[in-house]
Amino acid sequence: MAKNTHQPPTGTRDVYPLDAARRRFITESWRRASVLHGFEEVDGPTFEHLDLYTVKSGEGIISELFSFTRTGGEKTYALRPEFTPTLARLFAAKAGSLPKPTKWFTLGAFFRAERPQRGRLREFLQWNVDMLGDDSPAADAEVIATCVSLLSSLGLTPADVRVKVNHRYALQQWLVQRGLEVDKHADLFKILDQRGKLPEADFAAALAPFGFNTEQAEIFTKGVVRLTVDDPAHKGPGPSPEVVDLTFFAQAVTPLAQQFTQMGIIDWVDFDLSVVRGLAYYTGMVFEVHEASGAERAIAGGGRYDNLVELFGGPKTPAVGFGMGDVVLALVLQDRGLMPTDAELLDRAGFAPDVFVISNGQPESDEMVRPLCAALRRVGLHARHTYKATKNVGKLLKDAADSGAKFVAIIENAQLATLKDLRSGQQDPAPTPISLVPEMIRQRLGM
RNA sequence: GUGGCCAUAGCUCAAUUGGUUAGAGCACCGGGUUGUGAUCCCGGGGGUUGCGGGUUCGAGUCCCGUUGGCCACCCCA
């Protein structure tokens, strides 16, 4: 190792077999949740022309991404930092022939030239789910439901993670009503975005220039955990009526809340006025998924962006979607003790052998190991054998168990083998003719 | 881009105020015993102490640089 002077680039990961199993566990969960909800998989290049990214985000984005020119070439490319521009291009190119709504997902590697820290690397996997051509709250909810479905499938519960939902458009309308000019909104949003990093008093003080007194600032610090719109009895002592007058918000969000209820995910959702997302292009509902205690960065984020497809040269198309990275997700699963054990990972990722073939040490048995493996593989079974020299049955069984194999076949002689189920520990009382072993295993696996 | 902490075997860590040939456990490989995931015994491979320079009779240890890691800021599509 010390001799190895080639270290991986900053913020990248080397992937060993167990890492690959862990990665596949996550990507397969993403894929399953997407398909379950009717999304179809798409993908694009991992690098694009640089200007695809400056269109939306301006020149300032360049320092945040990996861009390059081919030696002797003139075009400037960039490793993709996100999928949305590519998605917009894919959609725009075939918009006329695509169904409404178009429901797409993708997963793959993305790259950002930022300094790595907890929950953030320079190369990471991201899952994107987007629904184009449907501007209804039902579409917003469907996208969020897909996200919740993934979280739930990994063993997370509403006690572990919260989906924080806001509505940018409604929030802005309200701010305008309060007399805050539109060009000040971005500054306010920036402060809202920093809520978690500022002491409460500092946060309230920072809001003062935008027309919120300390008491009123509480609606941002505490969030709006429960909608009280259909609770006219909510009177009595408490904040001034001005503070709780969230009619604006209720009008925008009630239809969403109804959809969440119908889809059975309302328990996961908090309405939270401080979630604004950094990006300017969100036009309606926005949301982030956070670990419940506030530990870790956002697990996922997204929202409605009804102008973006048009910006990339497509027809005006309402759209809603989100992205989720693998880095924070894995951290949260570890925090919560939900990352499967190594053996489970190998199994769930599909890397666990169906059968491990061992010999009892007799020369005639040794001769049958490879032929039996070959026969098993011919019928589509994942078969392995040891590469160790030992004849020790105990050590060979350990080798088999370490591989995660479901069954072991102990070859007794040129004709017979004894089967053992490594998961239950049950071993057949009598050996089986070797020629029948493949079919026997298939049966026991339910194939 | 800025700042703090860190770097010894594949992993977790030792190594006396700077002092012989840098060790141990686990893991890996091989041999042996008991036909069952195990125990026990024996042996082996592995390190230019991340890299480069400096101070010193002598550096894993002290100094500088560099690369990488962790954490925070900036940013977060």
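Chain letters run A, B, ... following the sequence lines, proteins first, then strands; residues in each count from 1.
- D134(A) and S136(A) form a side-chain donor-acceptor contact under 3.5 Å, judged by distance and modelled atom types alone.
- Residues F407(A) and F356(A) keep their aromatic ring centres 6.0 Å or farther apart.
- Taking the ring centroids of Y77(A) and F68(A), they lie under the 6.0 Å cut-off.
- When the C1' atom is used for both rC76(B) and rC6(B), the distance is 26 Å, rounded to whole Å.
- If you take atom C1' in rC11(B) and the same atom in rG58(B), they sit 32 Å apart, rounded to whole Å.
- For the C1' atoms, the distance linking rA9(B) with rU48(B) amounts to 14 Å, nearest Å.
- Between rG69(B) and rG23(B), the distance separating the two C1' atoms is 25 Å to the nearest Å.
- Within residues 307-339 of chain A, no residue has any heavy atom closer than 4.0 Å to RNA chain B.
- Atom CG of N392(A) and atom P of rU36(B) are 9 Å apart (whole Å).
- Summarising the geometry, the separation between CD on Q117(A) and C1' on rC75(B) is reported as 9 Å, rounded to the nearest angstrom.
- Contact annotation for L396(A): no contact, since no heavy-atom pair falls under 4.0 Å across all strands.
- Aromatic ring centres of F260(A) and W268(A) lie farther apart than the 6.0 Å criterion allows.
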Step-by-step salt bridge (Lys or Arg N to Asp or Glu O under 4.0 Å) determination, E123(A) to R112(A)
CA-CA 7 Å; E123(A) 181 183 21; R112(A) 294 177 189 176; over 6 Å; no

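- Rounding to whole angstrom units, CZ of residue R115(A) and C1' of rC71(B) are separated by 11 Å.
- Atom-to-atom, NZ of K395(A) to P of rU34(B) comes out at 12 Å; the value is rounded to the nearest Å.
- Because its NZ or CZ atom is not both nearer than 6.0 Å to the ring centre of Y282(A) and within 45° of the ring axis, R168(A) does not count as a cation-pi partner of that residue.
- Rounded to whole angstrom, the span from the CG atom of L397(A) across to the P atom of rA38(B) amounts to 8 Å.
- As judged by a 4.0 angstrom heavy-atom cut-off over every strand, G301(A) is placed among residues making no nucleic acid contact.
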